[in-house]
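Heads up: the structure comes next, in C-alpha cells.
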Amino acid sequence: MKTIIRYLRQEIKMSQQDLAESVGVTRQTINALENGRYNPSLLLAYKLTRVLNVATYGEDTDSYLSIEDIFKFSDDEL
C-alpha cells in the first residue's frame with residue numbers, strides 16, 4: 001500500500017514523532033506506514049486521516065481528503 005502521509009506531514013512541518021503522538025502510535029509505526037511496510041487498522045487510518053486533514057485544512061471540511069486519497073491500494077492488493 002502506498003500513502004501520502006509523508007508528503008502531507010512534511011507540508012505542515014509536522015515530525016513523525018508529533019504525528020505518532022497525536023494518533024497514539026510510535027514514531028516507528030509512522031515510519032513503517034510512510035515506507036509501505038505496514039498496513040494500518042481502519043481505526044488508525046481514520047485517525048491519521050482526521051489529524052492530517054485538520055492540520056492541513058483546518059475547518060475547511062470541503063477540502064478534506066478521504067481515507068482513499070491518503071491510503072492507496074494497488075489492484076493486486078485488493
Side-chain angles (χ1 to χ4, degrees):
M1 173 183 11
K2 295 185 181 195
T3 74
I4 61 169
I5 293 171
R6 176 179 287 135
Y7 169 78
L8 293 171
R9 182 180 59 73
Q10 289 175 340
E11 282 294 308
I12 57 176
K13 298 179 180 14
M14 180 182 275
S15 70
Q16 286 183 340
Q17 185 64 42
D18 290 340
L19 180 57
E21 289 173 3
S22 68
V23 297
V25 297
T26 64
R27 185 199 58 76
Q28 290 83 355
T29 299
I30 299 300
N31 184 274
L33 284 164
E34 290 182 352
N35 290 299
R37 295 189 317 265
Y38 179 73
N39 291 335
S41 68
L42 181 57
L43 179 59
L44 178 55
Y46 175 81
K47 287 179 179 180
L48 286 163
T49 300
R50 178 78 177 144
V51 166
L52 291 168
N53 273 322
V54 170
T56 303
Y57 302 109
E59 297 303 316
D60 181 16
T61 58
D62 290 338
S63 297
Y64 278 17
L65 301 171
S66 68
I67 287 176
E68 293 87 355
D69 293 328
I70 296 175
F71 298 92
K72 300 177 187 285
F73 289 96
S74 64
D75 287 339
D76 61 327
E77 291 176 301
L78 297 174

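Count residues from 1 along the sequence.
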[X] side, atom [atom1]; [Y] side, atom [atom2] - distance, nearest 0.5 Å:
X	Y	atom1	atom2	answer
Arg6	Asn31	CZ	CG	7.0 Å
Phe71	Ile5	CZ	CD1	4.0 Å
Met14	Leu52	CE	CG	7.0 Å
Asn53	Leu48	CG	CG	11.0 Å
Leu65	Leu8	CG	CG	6.0 Å
Ser22	Arg50	OG	CZ	12.0 Å

Between Gln17 and Arg27, is there a side-chain donor-acceptor contact under 3.5 Å, judged purely by atom types and distance?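 The criterion, which ignores hydrogens and geometry beyond distance, is not satisfied for Gln17 and Arg27.
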Would you say the side-chain atoms of Ser66 and Glu68 include a donor-acceptor pair closer than 3.5 Å?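 Checked: Ser66/Glu68 side chains pair up, N/O donor to acceptor below 3.5 Å.
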Tell me, with the steps shown, if Val25 and Tyr38 meet side chain to side chain contact (heavy atoms under 4.5 Å, CB included). CA-CA 13 Å; Val25 297; Tyr38 179 73; over 6 Å; no
Please answer: with hydrophobic residues joined when any side-chain heavy atoms are less than 4.5 Å apart, are Leu43 and Val51 in the same cluster?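 No, it is not one cluster - the side chains of Leu43 and Val51 are not joined through contacts under 4.5 Å.
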Closer than 3.5 angstrom, by distance alone: can the side chain of Tyr64 be matched with the main-chain N or O of Glu59 as a donor-acceptor pair?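 Not a single qualifying donor-acceptor pair exists.
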Could you tell me which non-hydrogen atom of Glu34 sits nearest to which non-hydrogen atom of Thr3, and how far apart they are?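 Shortest heavy-atom contact: CA-OG1, 4.1 Å.
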Can you confirm whether more than 12 heavy atoms, excluding those of Arg37, are under 6.0 Å from its CZ atom?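 Above 12, so yes.
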Begin with the C-alpha distance, continue with both residues' side-chain angles, and end with the deciding distance and a verdict on side chain to side chain contact (heavy atoms under 4.5 Å, CB included) for Leu44 and Thr29. CA-CA 11 Å; Leu44 178 55; Thr29 299; 4.3 Å; yes
Are any non-hydrogen side-chain atoms of Pro40 and Met1 less than 4.5 angstrom apart?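 Heavy-atom side-chain distance check passes, below 4.5 Å.
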